[in-house]
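All values reported here derive from a predicted model rather than from experimental measurement. Letters go in sequence order (proteins before strands), and every chain restarts at 1.
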Amino acid sequence: MAGELPFEMPLVEMRKKIDELKQFGIEKQIDFSDEIARLEERYEQLEQEIYNNISPSQKMHLARHQQRPTSLDLIHLIFTDFIELHGDRLFGDDLAIVGGLARLNGQPVTVIGQQRGKDTKDNIARFFGSPHPEGFRKALRLMKQAEKFGRPIITFIDTKGAYPGSTAEERGQSEAIARNLADMSMLGVPIICVVIGEGGSGGALALGVGNRVLMLEHAIYSAISPNGAASILWKDASKADQAAEAMKITAKDLLEMEVIEEIVPEPLGGAHRNYEKTAEAIKESIIRHLSDLSSMGADELRVDRYMKFRKIGKYTFERTVQPEQPIDAPDMGK
Amino acid sequence: MLKDLFQKKRKYATIPSERLGRNDHVQEGDRPRREIPEGLMSKCSKCGTIQYSKELEKNLKVCPNCGHHMRLNAMERIRMTLDEGSFQEFDSDMISVDPLGFPGYATKLEQQKLKSGLREAVITGEGTIDGHPVVVAVMSFDFFTGSMGSVVGEKITRAIEKATEKRLPMIIFSTSGGARMQESILSLMQMAKTSAALARHSEQGQLYISVITDPTTGGVSASFAMLGDIIIAEPSAVFGFAGRIVIEQTIRQKLPEDFQTAEFNLQHGQLDLVVHRKEMRSTLAKFLDLHTDHEKEGF
C-alpha cells in the first residue's frame, strides 16, 4: 500500500528484501523457504514493535493521512439508506460539514460529520474540512430535527479547526460554535460523538458535546493544533512534532483524563489500511453505547451529558489564605 | 564639548516606566534630570497623551484625549461596576495545577501570579449593582493573557450554577486570548462546561448579560462570551474567533483597520450594543431593573 509514513520505512525496506529474496529464489531455482519464513517472522515482530509503539507525533501524521477514511467513507460503511440534507436555512450550505438521515441496524438516526476533501479540488470545495458558521448552524438544525423526531444523533469529528477567515468572522463564527455547545447540551436524545481523525479546537468541539465521546485509536484531539501551539510557544510551526508530544493529544491520554469514554481499535497500521474493519469496530461501539443509553429519558440524557462535561478539569486550592473578605471599594467615579 | 551642541534637548519630562525599562535614561545620565515618581503619570497606549494617573483613574482609565478604553484588571472592574462593599468573592483560593506536565507551565504560572498580583485569570462572586443582586465573573487579561484553563472554566461554571440555584442574573466581563494551550484538551472542554451551565441558567428564565472587553478571542469568544441574552462591548474592543494574523495568513490579504472591533461586530449583527465605560454601570443597572418584577401597573 502506498502512502507509508517515515516511521514505517523499516517495514517497507524489510518487505522489499523479502520480495527480492523470493524473486531471486525463483530466478535461480534455489529454495530459500527457511530464510523467507524466518524473515517473515521477523517482519511480523517488527510490525508489532512499530505499530504498538506509535508516538503522539506519529499518530498526528496518521490522523492526517490523506488516505484516512473520511466521515462520508465511514457513514456509507456503517449506516444504510443515508440521505444527505443540505443548508442552514440562513445563509448557505457548507460542504465542510455533511449530515443527514440514515439507518443504523434498521433504526433511524441523524448523522453529522466534518468532511475533508478526497483530493485537491474536493478539498478546496470543502475548505479542507474547516467549517464556516453556516456549517455549524446546519449541524444544529439537523440535531434539533433529530430531537423533534426522537432520533439518536451520531457525529464524526474530523477537522483541523473552524475556518479562520474574514467571511467566517463576519457571519459569527464565535456565536455559531458557542450556540452549538449550549444547545447540544440541552438536547433530549442520545448523542454519540466519534473522533475519527483530527479533533482541532472549537471547530471540533462544536460537534462534540455528546453523552459518549469515542475516539479511534490513532485519532488526536486538542485545544489547538500542534502546529498552532508550536508557532505560539516556540515561534516555529515546524516544531509541531515536539508540541504533539507535550500536549497529550492521543486517545490513550484522553481516556486517562476521562475526556472520552472509549478507544475504538484500528486495524494494524491505521484506519486507512482497512476501511471495512475500521467501520465495523466503530459500528459495534456506537450500537453498544446507544443501547446503554436507550433506557434513559430526555431529562436523564441531559443530566448525563451535563455531568460528563461538568467534571472535566484539574485544579487545587491554596488553603493558606485568610478567609475571604468583601473588597473595600474606593470611590471611582460612580 | 562639541558633542553637547548636537545633543537633543528634551523639552518634556520623561516618565520612568517598567515597561520601557529604566536603562533608557540611565545611559544618558551625565546630567541629572527631573525625575517623576513611578506611577504618578500615565501615557495613553493609543494617542500617547500623558496625564496624571489619578486623573486617568477618575476617568475610569479612558483617555480624555482620544477616548481609548485602556484594559482593566478584574479588581478595577469590580470596583467600577458593583455597589461599594457589596462584593463577596467565590473560590478566591482556587489555583491551577499542571495537569499535563507541560514544559514550563508551572514556572509560568508563578511568574503570572507575581506579575499580575492575581491568582488566576478570573474573579467570581456576587454583589449588587444599584441595589440589584447579581452574580459576576470578571476576567483579567493581565494574568496569562486571560486564557481559559481548568480554573477559569471551573470558577465561571460554579458562579453560573450559583446564579441558577439562587435565581439571580449573571454578568460576565470577558477578556481572553482563548484556551490555555498548556492544559490542551482540558481547556477546550471548559468551553462546553461553561456553555452547558449557561444553557441551564437560561432554561430557568434567568438573565445573562455578556460584556465583551478588549480583547476577547478564541475559546472564550466561542463559548460564554457569545451566549448572552444581551451582548455588550466596550468601544473599539477587539473580539472574534480567529486572530488577525491567522486570518491574514489564511486569506492572504490585509484586513481593514477596524476588523473585529466592537463597531465592526455591531455592524455585522454580532452585538446588541456598544457602551462607553462611563455608561456601563448605569446601562447594566437599567437592564437589571427591566428584568426585575416590580409592582405591576396597567397590564
Side-chain angles (χ1 to χ4, degrees), chain A residues 162-166 168-179 181-186 201-202 204-206 208-209 221-224 228-229 232-233 246-249 253-254 257 259 305-306 309-310 312-321 324 326-334, chain B residues 57-60 75 78-80 82 84-89 92-97 99-100 102-103 119 150-151 153-154 157 179 181 184-193 195-196 198-200 203 219 221-227 240-242 246-247 250-251 255 259-260 268 270 281:
Chain A
Y163 183 70
S166 48
E169 294 292 316
E170 286 164 9
R171 299 202 284 272
Q173 190 71 288
S174 294
E175 196 275 346
I177 295 171
R179 184 63 52 204
L181 303 182
D183 288 4
M184 266 185 105
S185 79
M186 298 300 281
S201 185
L205 185 62
V209 187
Y221 197 2
S222 59
I224 179 171
I232 294 172
L233 285 171
M247 286 166 69
K248 304 273 190 282
I249 58 174
D253 293 320
L254 269 65
M257 290 189 272
V259 171
R305 207 176 304 124
Y306 188 75
F309 289 90
R310 181 65 191 86
I312 301 177
K314 293 265 188 307
Y315 48 86
T316 186
F317 292 92
E318 200 171 62
R319 288 299 184 200
T320 50
V321 293
E324 54 238 43
I327 290 154
D328 234 2
D331 182 33
M332 288 193 68
K334 268 182 221 158
Chain B
E57 267 175 34
K58 262 193 194 158
N59 206 35
L60 308 177
M75 290 322 298
I78 288 165
R79 278 188 220 117
M80 273 178 206
L82 297 187
E84 204 176 322
S86 73
F87 184 68
Q88 297 279 341
E89 192 177 348
S92 65
D93 55 351
M94 193 189 293
I95 52 167
S96 290
V97 292
L100 311 185
F102 198 94
R119 280 201 195 87
S150 296
V151 171
E154 181 69 19
T157 304
M181 65 189 145
S184 191
I185 197 72
L186 297 179
S187 305
L188 186 71
M189 294 299 145
Q190 304 310 311
M191 294 170 65
K193 187 162 105 180
S195 300
L198 280 171
R200 299 187 137 209
E203 196 196 35
S221 89
S223 59
F224 53 83
M226 279 313 288
L227 291 172
F241 181 65
V246 177
I247 298 172
T250 309
I251 62 171
L255 290 163
F259 186 73
Q260 290 182 322
H268 285 89
Q270 303 303 317
R281 182 179 141 84

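Of all the listed residues (A:L181, A:D183, A:T316), the one sharing the greatest number of non-hydrogen pairs under 4.5 Å with chain B is A:T316. Heavy-atom pairs under 4.5 Å with chain A peak, among B:S221, B:A225, B:A179, at B:S221. Comparing A:P164, A:A182, A:S166, A:G313 by how many heavy-atom pairs each has under 4.5 Å with chain B, the most go to A:P164. Considering only heavy-atom pairs separated by less than 4.5 Å from chain B, the leading option among A:D253, A:V259, A:I249, A:I224 is A:V259. Of the listed residues A:G202, A:G228, A:S201, A:A229, the one with more heavy-atom pairs under 4.5 angstrom with chain B than any other is A:S201. If you tally non-hydrogen atom pairs under 4.5 Å between each of B:V246, B:L255, B:L227, B:L186 and chain A, the highest count goes to B:L227.
Using a 4.5 Å cut-off between heavy atoms, A:Y306 touches chain B through its side chain atoms alone. Both the backbone and the side chain of A:M247 come within contact range of chain B, with heavy atoms under 4.5 Å apart. Looking at B:F259, only its side chain comes within 4.5 Å of chain A, counting heavy atoms on both sides. With a threshold of 4.5 angstrom between heavy atoms, A:L254 approaches chain B through side-chain atoms but not through N, CA, C or O. If you measure heavy-atom distances from B:L100 to chain A, the contacts under 4.5 Å come from both the backbone and the side chain.
A:S185 pairs by the side chain to side chain contact (heavy atoms under 4.5 Å, CB included) definition with A:V209, B:A196, B:A199, not counting sequence neighbours. Listed by chain and number, the residues in a salt bridge (Lys or Arg N to Asp or Glu O under 4.0 Å) with A:E175 are A:R137, A:R179 (sequence neighbours excluded).
No donor-acceptor pair under 3.5 Å is formed between the side chain of B:E154 and the backbone N or O of A:K314. The backbone N or O of A:I312 sits less than 3.5 Å from a side-chain atom of B:K193, completing a donor-acceptor pair. When atom types are taken as modelled, the side chain of A:R171 and the backbone of A:A176 share no donor-acceptor pair closer than 3.5 angstrom. The backbone N or O of B:A242 lies less than 3.5 Å from a partner atom in the side chain of B:Q260, making a donor-acceptor pair. Without hydrogens or angle criteria, B:R281 side chain to B:M80 main chain gives no donor-acceptor distance under 3.5 Å.
Annotation for A:S222 and B:L188: closest pair O-CD2, 3.8 Å, computed over non-hydrogen atoms.
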